[in-house]
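Here the structure comes first, spelled out in structure tokens, and everything after it is commentary.
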Amino acid sequence: MRARIVVGIALALSAWVGGCGGGHHSTTAPTTSTTVPNTAVATGYNLSVFATAPAANLKPDSIIQVGTTVFIGYQMAGDVKDGSVPGLTNQVVQYDLTTNVPTILKTYTVPGHVDGLMARTSTELWAMANEDGNPELTIINLTTGAQKTYQATVNPTAHGGGFDDMQLINGVVYVTASNPTIPPTIPGLAPTVVSLTLNANGSTFDVAPVLNDNAMALDITPSVGGSPNPTFNTMVTLSLTDPDSEATDPSGNLVVDSQADGKLVFITDPGAPTQSASVLSLTLYNDKDGPTLPVDDTRFVPAAPGPTGQLFMLFTDASNTTYRVRAPFVAGDAYSCGQGQVMMLDLKTGHLTPVVVGIGNAGALADPHGMVFITL
């Protein structure tokens, strides 16, 4: 559903959103404002432009914080995503977060169609490219600026596609196996999540399956389409078709977004003998517009602001813009973006409540997808 349709939802529920959050309330009266034309926000939310793309043909996607800086991956308009164009490059741009007006500190040119970004350490940035096929990983030394690109040892990949987002949990890098072309009915051939290991040769990486797309998971969605979910609290086959972004929730679980499926998969103890998975289907808040709503990034509010007391959200949009959202965010709450809007996610029901939407102009918020919470 496009944002211009759901703006009434956001405004009608603005009082509810401003007061929700498990009993934690701001000590000051919330204000509502947006300086962005053709947008609306729920009570307590403030929307403004953080940065525009360095060039009109650059589209911001993944975004992560490293120290007092933020990195944004910019894709070229019209890029192919399967590594089939030799010499294709994208940009990763580093911005200073400590200035009133975000300042570009450095621009890195990396091969391929860049999607997932991950800080392996405070001085090492990983950029995964080509999520539809022929994946390659570029590692950037943030101290020296040196770059090294690694190719997948096995290519074509076991699932037939590429690799996308990355998360670091307990020293292990977990990656989504995106754009699968192997049917989920073939056991063991189509991983949804893999672990990634760099090889000693300094030029290739290996992956090992962590969760297959035909794995079993506990269905934790109580209702879908306005009716009780008949598979609630039972084990179901995932059969995921579009593994995309990843996150780590406050409990340390790996969270995988299967975008086109409108589902979040929560993996407890990934890679361990005790590993288990649960799946939550996502719908608009009234549960009648489903059965599911595709989203891109889902992120969780950090436990506390940074040392200067700052906590805010940044999200990237296909309109060549990265936006800033300020609100009385509550630790542990979840937010998702997609379908022309930013939404608050109820983790118990899978219901999504719009809090930032575009109105009147389909290009106002063209395609929100990358999201990060900033602490300073």
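Please read these numbers as outputs of a predicted model, since none were measured by experiment.
Rounding to the nearest 0.5 Å places CE of Met371 at 6.5 Å from OG of Ser336. Annotation: the span from Asp244 atom CG to Asp296 atom CG amounts to 4.5 Å, rounded to 0.5 Å. Put simply, OG on Ser84 and CG on Asn130 are 8.5 Å apart, with the number rounded to the nearest 0.5 Å. Rounding to the nearest 0.5 Å places CD1 of Ile139 at 4.5 Å from OH of Tyr150. Taken to the nearest 0.5 Å, the CG atom of Asp269 stands 8.0 Å off from the CG atom of Asn253. For the atom pair CD1 of Ile64 and CG of Leu314, the computed distance is 12.5 Å after rounding to the nearest 0.5 Å.
Under a hydrophobic clustering in which Ile, Leu, Val, Met, Phe, Trp and Tyr are joined whenever their side-chain heavy atoms come within less than 4.5 Å, directly or via other members, Val342 and Ile63 fall into different clusters. Tracing side-chain contacts under 4.5 Å through hydrophobic residues (I, L, V, M, F, W, Y), one never reaches Met166 starting from Val172; they form parts of separate clusters. Hydrophobic clustering of Ile, Leu, Val, Met, Phe, Trp and Tyr side chains at less than 4.5 Å, counting indirect connections, unites Leu264 with Leu293. At a threshold of 4.5 Å between side-chain heavy atoms, the hydrophobic network of Ile, Leu, Val, Met, Phe, Trp and Tyr places Leu284 and Val224 in two separate groups.
At distances below 3.5 Å, not a single donor-acceptor pair connects side-chain atoms of Asp219 with backbone N or O atoms of Val236. Panel note: side chain Asn320, backbone Ala56; a donor-acceptor pair is recorded below 3.5 Å. A side-chain donor-acceptor contact under 3.5 Å links Gln147 to the backbone of Thr109. Between the side chain of Asp96 and the backbone N or O of Thr98, at least one donor-acceptor pair lies under 3.5 Å. The main-chain N or O of Gly370 is found under 3.5 Å from a side-chain atom of Thr316 such that the two form a donor-acceptor pair. Although no hydrogens or angles enter the test, the distance criterion places no donor-acceptor pair under 3.5 Å between the side chain of His113 and the main chain of Met76. With Thr103 contributing its side chain and Val101 its backbone, the two residues share a donor-acceptor pair below 3.5 Å. Under the 3.5 Å distance criterion, the side-chain polar atoms of Thr308 are matched with a main-chain donor or acceptor of Leu376. In this structure a side-chain-to-backbone donor-acceptor pair under 3.5 Å is present from Thr153 to Phe205. Gln341 places no side-chain N or O within donor-acceptor distance of the main-chain N or O of Val355, the cut-off being under 3.5 Å.
Here the options are Asn179, Asp213, Asp261, the test is side-chain hydrogen bond (donor to acceptor under 3.5 Å, both in side chains), and the partner is Thr241; only Asp261 passes.
Checked by atom type, the side-chain pair Thr149/Glu136 shows no donor-acceptor distance below 3.5 Å. Side-chain contact annotation: Glu246 with Thr176, donor-acceptor N/O pair under 3.5 Å absent. Checking Asp165 against Ser245 by side-chain atom types alone, no donor-acceptor pair falls below 3.5 Å.
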Inset, instruction - Quick one: do Leu347 and Leu345 satisfy side chain to side chain contact (heavy atoms under 4.5 Å, CB included)? Show the steps, please. - result: CA-CA 6 Å; Leu347 293 167; Leu345 170 62; 3.7 Å; yes

Inset, instruction - Just do the side chain to side chain contact (heavy atoms under 4.5 Å, CB included) check on Leu47 and Phe315 with the steps written out, would you? - result: CA-CA 10 Å; Leu47 176 68; Phe315 70 89; 3.9 Å; yes

Inset, instruction - Report the C-alpha distance between Val207 and Val175 in whole Å, list the side-chain angles of each, state the deciding distance to 0.1 Å, and finish with yes or no for side chain to side chain contact (heavy atoms under 4.5 Å, CB included). - result: CA-CA 9 Å; Val207 297; Val175 191; 5.9 Å; no

Inset, instruction - Could you walk me through whether Met343 and Leu282 pass the side chain to side chain contact (heavy atoms under 4.5 Å, CB included) test, one step at a time? - result: CA-CA 11 Å; Met343 298 159 284; Leu282 308 180; over 6 Å; no

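Of all the heavy atoms in Pro54 and Val93, the pair that sits closest is CG-CG2, 4.3 Å. In plain terms, the two heavy atoms of Val295 and Gln259 that are nearest each other are O-CG, 2.9 Å.
Other residues, nucleotides and ligands place no more than 12 heavy atoms under 6.0 Å from the CG atom of Asn170.
Ring to ring, Phe329 and Tyr335 are close: their centroids are under 6.0 angstrom apart.
By the 30° and 60° cut-offs, the orientation of the rings of Phe71 relative to Tyr108 is tilted.
In this structure, Arg324 satisfies the cation-pi test against Phe312, with its NZ or CZ atom closer than 6.0 Å to the six-membered ring centre and inside 45 degrees of the ring normal.
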